[in-house]
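Beneath this line is the structure, given in structure tokens, with notes to follow.
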Amino acid sequence: MKSKTRPKQFLELHGKPIIIFTLELFERHPEIDQIIVPCVAGWESYLEDLLIRWHITKVKKIVTGGKDTQESKMNALNYIATYAKDDDIIMLHDAVRPVIDAELISANLESVRKYGNAVSAVPFTETGIVSKDRETTTETIVRNTLFIAKAPQSFYFKDVYAAHKAGETMDPKITIDTCSLMTTLGIALHMVPCSSSNIKITTPEDFFIFRALNDMRESEEIMG
């Protein structure tokens with residue numbers, strides 16, 4: 001996303017920033033007690049104003065984000081560590097992943113209570129190809145064994161905090177995603193099915209897909 005005026009989570013659809021679409025999903029869910037947001041440095045007061053304007057009340061703290069995703073998550077987890085209990089459930093979610101629903105949040109919580117963790121995932125629908133030189137294929141992977149990890153990803157606090165502490169000395173390519181980090185540490189994760197519409201808005205094309213999905217949902221609500 002080549003927006004030069006603001007970080008992509010603050011880009012607007014129909015006058016509403018993407019991050020507000022996302023926050024509203026957790027704001028409205030009855031089992032979500034509070035929200036912690038690691039924010040791009042310099043945009044904290046901007047976000048504070050948005051929270052007031054859009055009546056987001058569950059955000060307990062805006063922490064300044066770090067140089068990368070791992071550091072930003074640690075900033076949030078370190079703050080939570082000042083008061084959290086080991087068995088508090090922590091859900092990690094992307095600000096630019098606004099197309100989920102209450103059912104997926106509930107399914108994540110249920111999975112943590114039953115299995116100890118949860119990763120939202122969808123089946124891989126293409127043929128997976130492995131290439132070591134980025135020019136020729138070395139093998140293909142049967143697609144019915146592949147899934148795409150999405151978010152939310154949910155854990156007991158003691159587990160996710162310990163994992164990210166361990167990740168501070170690991171390759172950032174591994175720690176950018178909590179699912180990858182957990183898997184590298186040998187922790188099996190329970191998959192929670194989610195819709196393929198659970199997109200992360202990374203490219204301009206993603207934004208147009210989000211707009212189409214949002215407009216479709218609004219039309220469905222109007223038409224009943």
Decide side-chain contact (heavy atoms from CB on, under 4.5 Å) for Leu23 and Val37; before the verdict, give the C-alpha distance in whole Å, the side-chain angles of both, and the deciding distance to 0.1 Å. CA-CA 10 Å; Leu23 286 171; Val37 183; 4.2 Å; yes
Do the non-hydrogen side-chain atoms of Ile35 and Lys61 ever get within less than 4.5 Å of each other? no
Within 45° of the six-membered ring axis of Tyr83 and under 6.0 Å from that ring's centre, is NZ or CZ of Lys60 located there? yes
Any non-hydrogen side-chain atom of Phe210 less than 4.5 Å from a side-chain atom of Val99? yes
Using the benzene-type ring in the case of Trp, are the ring centres of Phe155 and Tyr161 under 6.0 Å apart? no
Count the heavy atoms belonging to other residues, nucleotides or ligands that lie under 6.0 Å from CE of Met170, then report whether that count exceeds 12. yes
Measure the shortest side-chain to side-chain distance between Cys179 and Thr183 over non-hydrogen atoms and say whether it is less than 4.5 angstrom. yes
Is the NZ or CZ atom of Lys16 both under 6.0 Å from the centre of the six-membered ring of Phe21 and within 45° of that ring's axis? yes
I'd like to know if Leu47 and Val59 are part of one continuous hydrophobic network [Ile/Leu/Val/Met/Phe/Trp/Tyr, side-chain heavy atoms within less than 4.5 Å]. yes
Can you find a heavy atom in the side chain of Pro123 that is under 4.5 Å from one in the side chain of Asn144? no
Looking at Lys73 and Ile176, what are the two nearest heavy atoms and their distance? NZ-O, 3.4 Å
Of all heavy-atom pairs linking Val160 and Leu92, the shortest is CG2-CD1, 3.8 Å
Which residues, ordered by chain and number, are linked to Leu146 in its hydrophobic cluster, where ILVMFWY side chains connect at heavy-atom gaps below 4.5 Å, directly or through other members? Val122, Phe124, Val130, Ile141, Ile148
Note, Arg211 side chain near Phe208 side chain (heavy atom, < 4.5 Å): yes
Step by step, would you call Asp206 with Thr203 a side-chain hydrogen bond (donor to acceptor under 3.5 Å, both in side chains)? CA-CA 5 Å; Asp206 295 329; Thr203 67; 3.1 Å; yes
Within the 4.5 Å heavy-atom criterion, are Arg217 and Leu213 side-chain neighbours or not? no
Which atom of Gly65 lies closest to which atom of Asn75, heavy atoms considered: C-ND2, 3.6 Å
4.5 Å side-chain heavy-atom contact, Ile18 and Pro98: yes
Would you mind listing every salt bridge (charged side-chain N to carboxylate O under 4.0 Å, His left out) that reaches into residues 96-114, with sequence neighbours excluded? Glu31-Arg113, Asp94-Arg97
List the atom of Asp159, the atom of Gly116, and the distance in Å for their closest heavy-atom pair. OD2-O, 4.3 Å
Can you check side-chain contact (heavy atoms from CB on, under 4.5 Å) on Met91 and Leu109, steps first, answer last? CA-CA 8 Å; Met91 307 186 75; Leu109 294 172; 3.8 Å; yes
Crowding at CD, Glu126 (>12 non-hydrogen neighbours, <6.0 Å): no
Side chain to side chain, His93 and Ile105, heavy atoms closer than 4.5 Å: no
Shortest non-hydrogen contact from Gln70 to Gly167? NE2-C, 3.6 Å
Assess the residue pair Glu12 and Arg6 against the criterion (salt bridge (Lys or Arg N to Asp or Glu O under 4.0 Å)); give the C-alpha distance rounded to whole Å, side-chain angles, the decisive distance to 0.1 Å, and a yes or no. CA-CA 10 Å; Glu12 296 182 356; Arg6 65 186 75 178; 3.7 Å; yes
